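Data first, discussion second: the structure below is written as structure tokens.
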Amino acid sequence: MRATSFGDSGAVIGVEQVDDLAAFVVARETGHPRWVWDDTSRWYAPLLAAGVRVDRCFDLRLCHAILRSSSLTSDSRLARSRRGLWDAPAPAAGPVAAAPSHSALFEWDQVAAPAPSVESDPVAEFELQRSAVAGCPEPSRLGRLLAAESVGALIAAEMRFAGLPWSAGRHDAILSASLGPRPAVDGARPAKLQAVLDIVRQRLESPELNPDSPADLLRALGLAGLMVTSTRSWELATLKHPAIPPLLEYKKLSRLLSSNGWAWLDNWVAGGRFRPDYVPGGAATGRWATSGGGALQLPKNIRGAVVADEGWKLVVADASQLEPRILAAMAVDRGMIEAGSAGDLYAGIVASGALETRDQAKVAMLGAMYGATTGEGGRLMPALTRAYPRAIGMVENAARAGERGEVVTTRLGRSSPPGHDSGTWNETVSSAEAARARDRGRAWGRFTRNFIVQGTAAEWALCWMGSIRRRLHELNDAGALVDGPHLVFFLHDEVVVHAPADLAVQVAGVISDAAVDAGRLLFGQLPAQFPVTIAIVDNYGQAK
DNA sequence: TCTGAAGGCGCC
DNA sequence: AAAGGGCGCCTTCAGA
């Protein structure tokens, strides 16, 4: 493979043939280059396997996706170019692969860019991206986003490499306690699940009932005189009938078995580690997704199986009330920022006299960010709007923009996907069609309303993690990644660090300091607080 | 027999 | 008690 070096002046310093990737990277890493590559996991996974860490990178595919749709770069050559190879979705990680045999690898400092040539050529793509950023109205903001997105990709690869410490024994104990022992035959119902089902069948007088089939269950409920339009748990819970409690219990247990039962354990845990396939930028808002293993839906009732190694601790941290705080800061709503300054934002809203109870404050804020129109959330909106016109005005504007088919943009510059075609609304003749078009428009408005908040919160989280990573590296700059404290889990506004016990308190400090860093990266000197709640525990189930 | 949609539910 | 945003995964079920 080939590597091209750029210098500060923007000139190409040299092009080299690379035979041993790991040795090549190790030799240059002391100069703190930024490694530019087409896909982080593809290049970094083999490096990690070879015991090599890198500080900084630039992930061309992830950054291309941001620049392709950002409203800040809509005039760029990149945004106007036809969709191509760089617009393809992330390749699935799969097993840790052998070193790639083609494409190119680059290091970069600060460069200016000549014109691109071949579409699939990473050098051309890199230069196209650099010119898009340089020519946009907010290059430093967008630059921070691209750096944050890229460091996220490094972290995703490192977390997959390190794995989440997982005790198969504890997991089995949790399953056995609620479901009964693992059945000898795969696919058979465990004893306790079967026992609960027997009671349901008996009380519904429906011995053949398949409780996993909504249609069949609906039929059986109807025959028992229970009129209900769906089999959702919350709807069933409103019914008074002796079959309902065991049925709800069955649903809970059955969910545990099918999603995180023994089959999941067999598939996803090996050598005491759970290694999810993280997909940075997997959601349109910039949130991560995962592919396989359902890592972002890890149920609370099995988190006790996440157990620190002997002599190690889990440092679990989550950002408190992140999204409303993000909204307050992006809108520069001084009143709402002030409400969050003493600790509990919702309590602060009550203290300001805007609403009566903490519960009201919470429901109203969620309603504002999600677009509640009815229910308590909808009813409380006028009071909330009076108290915090800037913050609420910001999400309202985002909603209206979405309804008009316009794009909205996060703090650092990630834009929403192209919206619905607002033109069809006026052109439709049938009133039913017009109503559908209006509903679609409003649904899109709820999406764009939430997009600016969720997307900016995702940016904050990336900056937070990036800073945690850098600070942890300072605690362990000589050893291998897993010899010192390292990130092992990320869940939108929550992180878990696996740390030697004697460093756990220091790690907690790192995580708090990093939250301050993240606030500054997004909002400068604005006095917005982003407090984190931290627990030092032996297993994840003990946190919160 | 395979595939995709729908119903449902776990997480934030 | 229920409603608003983002996801992934499991099961059933209808259609090719």
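These figures come from a predicted structure and were not determined experimentally. Basis for what follows: all heavy atoms, side chains included, without hydrogens, waters or symmetry-related copies.
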Check your understanding: Between A:Trp460 and A:Phe530, how do the two ring planes meet: parallel, tilted or perpendicular, split at 30° and 60°?
Key ->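 Aromatic pair A:Trp460/A:Phe530 classed tilted.
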Exercise for review: Look at the aromatic rings of A:Phe451 and A:Phe447 and report parallel, tilted or perpendicular, splitting at 30° and 60°.
Suggested key: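 A:Phe451 and A:Phe447: perpendicular rings.
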Measure from [atom1] on [X] to [atom2] on [N] and round the result to the nearest Å.
X: A:Ile302; N: B:dC11; atom1: CD1; atom2: P; value: 10 Å
X: A:Met365; N: B:dC12; atom1: CE; atom2: C1'; value: 16 Å
X: A:Leu217; N: C:dC13; atom1: CG; atom2: P; value: 11 Å
X: A:Asp212; N: B:dC9; atom1: CG; atom2: C1'; value: 13 Å
X: A:Trp444; N: C:dG6; atom1: CH2; atom2: C1'; value: 12 Å
X: A:Glu459; N: B:dC12; atom1: CD; atom2: P; value: 22 Å
X: A:Leu322; N: C:dG5; atom1: CG; atom2: C1'; value: 14 Å
X: A:Asn260; N: C:dC10; atom1: CG; atom2: P; value: 9 Å

Looking at [options], which one has an atom nearest to any side-chain atom of [X]?
X: A:Leu491; options: C:dT11, C:dG5, B:dC11; result: B:dC11
X: A:Lys300; options: C:dG5, B:dC11, C:dA3; result: B:dC11
X: A:Asn210; options: C:dT12, B:dC12, C:dG6; result: C:dT12
X: A:Gln297; options: B:dG10, C:dG4, B:dC12; result: B:dG10
X: A:Thr290; options: C:dT11, C:dG8, B:dC12; result: C:dG8
X: A:Ala283; options: C:dG6, B:dC11, C:dA2; result: C:dG6
X: A:Ser233; options: B:dC12, B:dC9, C:dC7; result: B:dC9

For [X], which contact category applies under a 4.0 Å heavy-atom criterion: base, sugar-phosphate, or nothing?
X: A:Arg303; value: sugar-phosphate
X: A:Ala284; value: sugar-phosphate
X: A:Trp234; value: sugar-phosphate
X: A:Arg287; value: base
X: A:Gly282; value: nothing
X: A:Thr231; value: sugar-phosphate

With a cut-off of less than 4.0 Å, is there a side-chain N or O of [X] near OP1 or OP2 of [N]?
X: A:Ser259; N: B:dC9; value: no
X: A:Lys251; N: B:dC9; value: yes
X: A:Ser213; N: C:dC13; value: yes
X: A:Arg232; N: B:dG8; value: yes

Check your understanding: Does A:Glu376 make a side-chain donor-acceptor contact with the base of C:dA1, cut-off 3.5 Å?
Key ->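 When only heavy-atom distances are counted, A:Glu376 does reach the base of C:dA1 through a donor-acceptor pair under 3.5 Å.
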**Study point:** Check: A:Arg255 side chain, B:dC9 base, donor-acceptor under 3.5 Å
**Key:**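 Donor-acceptor pair under 3.5 Å: yes.
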Review point. Is the base of B:dG8 syn or anti, if syn means a glycosidic angle within 90° of 0?
Key: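 Anti.
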Exercise for review: Could you tell me which non-hydrogen atom of A:Leu62 sits nearest to which non-hydrogen atom of A:Ala153, and how far apart they are?
Suggested key: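 Nearest pair, atom of A:Leu62 first, then A:Ala153: CD1-CB, 3.7 Å.
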**Study point:** Closest non-hydrogen atom pair between A:Leu314 and A:Val306, with its separation
**Key:**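 Taking every non-hydrogen atom into account, CD1-O, 3.5 Å.
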Practice item. For A:Ala289 and for A:Leu366, find the nucleotide of DNA chain C with the closest heavy atom, then tell me which residue's nucleotide is more 5'. Key: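 It is A:Leu366 whose nearest nucleotide is closer to the 5' end.
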**Study point:** Of A:Thr285 and A:Ser258, the one whose closest DNA chain C nucleotide lies more 5'
**Key:**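 The residue mapped nearer the 5' terminus is A:Thr285.
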Exercise for review: May I ask whether A:Tyr370 stacks on the base of C:dG4, given the cut-offs of 5.5 Å between ring centres and 30° between planes?
Suggested key: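 No.
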Point to revise | Separation of A:Leu145 CG from A:Leu462 CG (nearest 0.5 Å) | key: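 One finds 8.0 Å between CG of A:Leu462 and CG of A:Leu145.
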**Study point:** Complement of C:dA2, any strand, by Watson-Crick or G-U distances under 3.5 angstrom
**Key:**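 Its partner is none (no Watson-Crick or G-U wobble pair with both distances under 3.5 Å).
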Check your understanding: Looking at A:Arg68 and A:Asp87, does any basic side-chain N land under 4.0 Å from a carboxylate oxygen?
Key ->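 Result for this pair is yes, salt bridge flagged.
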Review point. Do A:Arg303 and A:Tyr540 meet the cation-pi criteria used here (NZ or CZ under 6.0 Å from the six-membered ring centre, within 45° of the axis)?
Key: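 Verdict for A:Tyr540: a cation-pi partner in A:Arg303.
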